[in-house]
Amino acid sequence: MTDILQALALHDMASRIDRLRFQLRTLPPAPTIPAVETVSFQINTLTRITTAVSEKIDQCLTDLPSQGAKSALLAYSGIIAPLGEAITELGRIQAEATSIRFAAHPAHKKETTERAQQTYLANEVISGSCEAADEILEMAVRGLREEAAKLAPSSTGRFGAAPQPSQTPDPRPRHTPDLPPPPPRVTSRASKTR
């Protein structure tokens, strides 16, 4: 596979991950708990992306004499662990959404104050996990696009520049009303500590 084709493949994978980031940002804001089915769909999407990245690694290993394959291999290998971390964050969201749905079932009705406290805590976990997953996926997208630009610098215009975090609109707040809003640019600390 030529360097141009490797660059296109890297950019395509980055775009798939970016679409998932957009889906995450459309989850309803607190205090609404996202639907379990919606989160399950996003977990399945991320799992398919992770499987596709693993397949790309296998392809690159069969084409190692190529410099483009070596660069792509490093880029794909570098995002496997972050994708796993993002799946974990989505799993936390799914667990909280499932727990709240279970608690709201008529057969398991709890006291109003107890339900309110559980919902508040669930919102904190969901908001934090959404932020962490978004940050992890953003770093993966950036790494893939940077490697694509190195492999085919003259074709960067075809790919389009990677969006800056400040240019990507966030259609929903990621925080509960009585929590301070997240800083405008999140550091990579969250993904390292999880």
Flag the pair [X] / [Y] as yes when at least one side-chain heavy-atom distance between them is below 4.5 Å, and no otherwise.
X	Y	value
L46	I17	no
Q94	S129	no
Q42	L20	yes
L24	L90	yes
L83	L137	yes
M139	P82	no

Check: P28 main-chain N/O paired with T32 side-chain donor or acceptor under 3.5 Å: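 Such a contact is absent between T32 side chain and P28 backbone.
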
Distance check, rounded to the nearest 0.5 Å: [X] atom [atom1] versus [Y] atom [atom2]?
X	Y	atom1	atom2	result
L10	E146	CG	CD	11.5 Å
L74	E147	CG	CD	7.0 Å
T88	E85	OG1	CD	7.5 Å

D18 and F22: CA distance, side-chain angles, deciding distance, side-chain contact (heavy atoms from CB on, under 4.5 Å) verdict: CA-CA 6 Å; D18 232 1; F22 180 78; over 6 Å; no

R21/E135 salt bridge by N-O under 4.0 Å criterion: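 R21 and E135: not salt-bridged.
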
Sidechain N-carboxylate O distance under 4.0 Å for E96, R92: no

D12: partners by side-chain contact (heavy atoms from CB on, under 4.5 Å), with sequence neighbours left out: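 D12: side-chain contact (heavy atoms from CB on, under 4.5 Å) contacts with R16.
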
Test applied, side-chain contact (heavy atoms from CB on, under 4.5 Å); reference residue, M13; option that passes from L8, V141, L144: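 Answer after filtering L8, V141, L144: L144.
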
Name of the residue among Q6, Q67, H11 meeting side-chain contact (heavy atoms from CB on, under 4.5 Å) with L151: Q6

Can you give each donor-acceptor pair under 3.5 Å made by side-chain atoms of residues 51-58, sequence neighbours left out, with the distance rounded to 0.1 Å?
residue, atom, partner, partner atom, Å
T51, OG1, T47, O, 3.0
S54, OG, T50, O, 3.2

Heavy-atom pair with the smallest gap, counting every atom of A133 and A86: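 Taking every non-hydrogen atom into account, CB-O, 4.5 Å.
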
